[in-house]
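See structure below.
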Amino acid sequence: MLNKFSAPFLAFLQASALVTYLILISFFFNFVTPLFNNKTGEFYAPIIMLLLFVFSALISGMMILGRAGVLFWEKKYKESFTLLGWTTVWGFFYFVMMLYLLQFK
């Protein structure tokens, strides 16, 4: 099924999924931050944040490197690096867009 999509569109989907995941993590931080204001939160906050960091690295890596890794494993090196390049371009586009939106806040 993934073979039907062009590399730029698949990269757009990957970058969009990553941005959506990051937005969900931001909502999680907004929800959970008030829970860490007591004494027990001082102990659990670093543990939860480190676990979330490791989990997020795993999820982000699978979203961005998963398909490119499969293509690389199948010795389709050009397609793999093309997909990674387009994903980087789309990620940079989202980064610039977020900075632009931040300007109006």
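Positions are given from 1 along the sequence. Quick note: numbers below take in every heavy atom, side chains included, and nothing from hydrogens, waters or symmetry partners.
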With clusters built from Ile, Leu, Val, Met, Phe, Trp and Tyr whose side-chain heavy atoms come within less than 4.5 Å, directly or transitively, what are the remaining members of the cluster of Tyr100, listed by chain and number? Phe104
What is the ring orientation for Trp90 with Phe93, classed by angle as parallel under 30°, tilted 30 to 60°, or perpendicular over 60°? perpendicular
Is the side chain of Trp86 donor-acceptor paired with the backbone N or O of Leu10 at a distance under 3.5 Å, no angle test? no
Could you grab the distance from atom CD1 of Ile64 to atom CD1 of Ile59, nearest 0.5 Å is fine? 12.0 Å
Contacts of type side-chain contact (heavy atoms from CB on, under 4.5 Å), residue Ser60, not counting sequence neighbours: Leu18, Tyr21
Quick one: are Phe92 and Thr88 in side-chain contact, heavy atoms under 4.5 Å? no
Among the clusters formed by ILVMFWY side chains lying less than 4.5 Å apart, do Leu22 and Met62 turn up in the same one? yes
Report, one line per pair, each donor and acceptor closer than 3.5 Å where one atom sits in a side chain of residues 46-53; sequence neighbours left out.
none

Taking only residues two or more places apart in sequence or in another chain, which ones pass side-chain contact (heavy atoms from CB on, under 4.5 Å) with Leu65? Leu84
Report the distance from atom CE of Met98 to atom CD1 of Ile23, rounding to the nearest 0.5 Å. 4.5 Å
Distance-only donor-acceptor hits, side chain of residues 74-82, under 3.5 Å, sequence neighbours excluded:
| from | atom 1 | to | atom 2 | distance (Å) |
| --- | --- | --- | --- | --- |
| Ser80 | OG | Ala68 | O | 2.8 |
| Thr82 | OG1 | Lys78 | O | 2.6 |

For residues 9-20, which residue pairs qualify under side chain to side chain donor-acceptor pair (under 3.5 Å), counting only residues two or more places apart or in two chains? Gln14-Thr87, Ser16-Tyr94
Is it true that Ile25 and Phe95 fall in one hydrophobic cluster, defined by side-chain heavy atoms closer than 4.5 Å? no
